[in-house]
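Chain letters run A, B, ... following the sequence lines, proteins first and then strands; every chain starts at 1. Quick caveat: nothing in here was measured; it's all calculated off a predicted structure.
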2 protein chains.
Amino acid sequence: MPANDLDATFAALADPTRRAILARLAHGEASVSELAAPFAMSLPAISKHLRVLQRAGLISRGRNAQQRPCRLEGAPLRAVAAFTEHYRQFWDESFDRLDDYLRELQGDDEKPRRKH
Amino acid sequence: MPANDLDATFAALADPTRRAILARLAHGEASVSELAAPFAMSLPAISKHLRVLQRAGLISRGRNAQQRPCRLEGAPLRAVAAFTEHYRQFWDESFDRLDDYLRELQGDDEKPRRKH
DNA sequence: CTTTTATTTAACCAAAAGGTTCGGTAACCG
DNA sequence: CGGTTACCGAACCTTTTGGTTAAATAAAAG
């Protein structure tokens with residue numbers, strides 16, 4: 001169950017170290033030491049960051065010998081995306097995709113090609 | 001102009017009071033007292049929340065007699081949307097637009113992992 | 001000029017966040 | 001067995017956060 005709590009998710013994302021960890025994990029699983037390597041920070045500090053990310057449901061952890069590999073779990077980001085979507089008219093000045101969005105919400109499944 | 005700092009933006013969004021204020025402002029401008037009304041909280045507390053939102057660039061403030069009306073400024077949310085977009089493959093389980101995404105990221109040296 | 005209304009500033013406080021060091025535990029390796 | 005590797009937990013410290021109350025400011029109203 002992805003702790004689907006916007007409070008925890010936003011708070012977890014508010015730290016640059018944690019966002020960097022997520023960026024690293026987007027390339028694949030990694031051990032704690034691997035994740036810690038780029039930072040001028042003690043290992044327990046990284047461990048704490050990982051616990052914050054895990055409590056927010058943004059990562060999950062496995063076990064491989066002595067290692068506890070971390071894997072990115074993007075599900076909570078869906079709620080973040082939904083949040084921004086709710087305010088789209090306030091930041092998307094082009095309004096290009098507002099119609100598409102409204103159509104999607106109506107269940108009109110016909111999906112036009114959407115370029116980023 | 002818009003303090004386009006993900007740290008400040010995510011931190012500002014991590015508080016439920018501040019998100020409720022933004023939700024209220026999505027319906028239109030409001031004074032500080034109007035914004036404070038729904039909360040069991042002192043006025044200075046709301047004032048502090050507004051300062052956090054303003055420093056994050058999420059609101060701007062005008063002047064109307066004794067009132068200092070607040071207006072929603074969604075620009076920082078564009079950066080948040082871009083952030084989630086970057087992780088879309090990890091939260092969009094329908095994978096409808098995975099091909100688009102991969103095409104966009106062409107040049108990435110490591111192939112993104114697809115969940116079982 | 002005095003008062004009222006709207007909001008901010010200042011001083012304070014408790015709790016949480018982000019870091020440290022030191023010591024523990026669990027799994028593998030010789 | 002004993003040592004090494006990989007990580008976690010506990011205790012501690014400092015800064016930030018989120019709230020309070022009391023006093024200050026600014027503009028309007030009487």
Listing request: all salt bridge (charged side-chain N to carboxylate O under 4.0 Å, His left out) pairs with a residue in residues 10-20 of chain A, at least two apart in sequence or in separate chains. A:Arg19-B:Asp7

Would A:Leu25 and A:Leu58 count as a side chain to side chain contact (heavy atoms under 4.5 Å, CB included) if you check the C-alpha gap in whole Å, the side-chain angles of each, and the deciding distance to 0.1 Å? CA-CA 10 Å; A:Leu25 289 177; A:Leu58 284 161; over 6 Å; no

Contact summary for A:Trp91 and A:Thr84, nearest pair of heavy atoms: NE1-O, 3.0 Å

Distance below 4.0 Å between A:His49 side-chain N/O and C:dG19 OP1 or OP2: yes

Under 3.5 Å, N/O pairs linking protein and nucleotides 5-12 of chain C:
unit_1, atom_1, unit_2, atom_2, d
C:dT7, OP1, B:Val32, N, 3.2
C:dT7, OP1, B:Arg68, N, 3.4
C:dT7, OP2, B:Ser33, N, 2.8
C:dT7, OP2, B:Ser33, OG, 2.1
C:dT8, OP1, B:Arg61, NH1, 2.6
C:dT8, OP1, B:Arg61, NH2, 3.0
C:dT8, OP2, B:Ser47, OG, 2.5
C:dT8, O5', B:Ser47, OG, 3.4

Within the 4.0 Å heavy-atom criterion, would you say A:Ala65 contacts the bases, only the backbone, or no part of the nucleic acid? sugar-phosphate

Residue pairs passing the salt bridge (charged side-chain N to carboxylate O under 4.0 Å, His left out) test where at least one lies in residues 41-53 of chain A, sequence neighbours excluded: none

Which parts of residues 12-23 of chain B get close to DNA chain D, meaning a heavy atom less than 4.0 angstrom away? B:Asp15, B:Arg18

If you compare every side-chain N and O of A:Ser42 against the phosphate oxygens of C:dT20 (OP1, OP2), does one of them come in below 4.0 Å? yes

Report the distance from atom CZ of A:Phe39 to atom C1' of C:dT20, rounded to the nearest whole Å. 17 Å

Short question: side chain of B:Thr9, backbone of B:Asp5 - any donor-acceptor pair under 3.5 Å? yes

Can you tell me how far C1' of D:dA28 sits from CZ of B:Arg63, to the nearest Å? 12 Å

Please give me the minimum heavy-atom distance between B:Ser31 and B:Glu34, naming the atom from each residue. N-OE1, 2.9 Å

If a pair satisfies salt bridge (charged side-chain N to carboxylate O under 4.0 Å, His left out) and one of its residues is in residues 64-83 of chain B, list it, with sequence neighbours excluded. A:Glu93-B:Arg78, B:Glu29-B:Arg71

Among residues at least two apart in sequence or on other chains, which ones pass ring-ring contact (aromatic ring centres under 6.0 Å, His included) with B:Phe83? B:Phe10, B:Tyr87

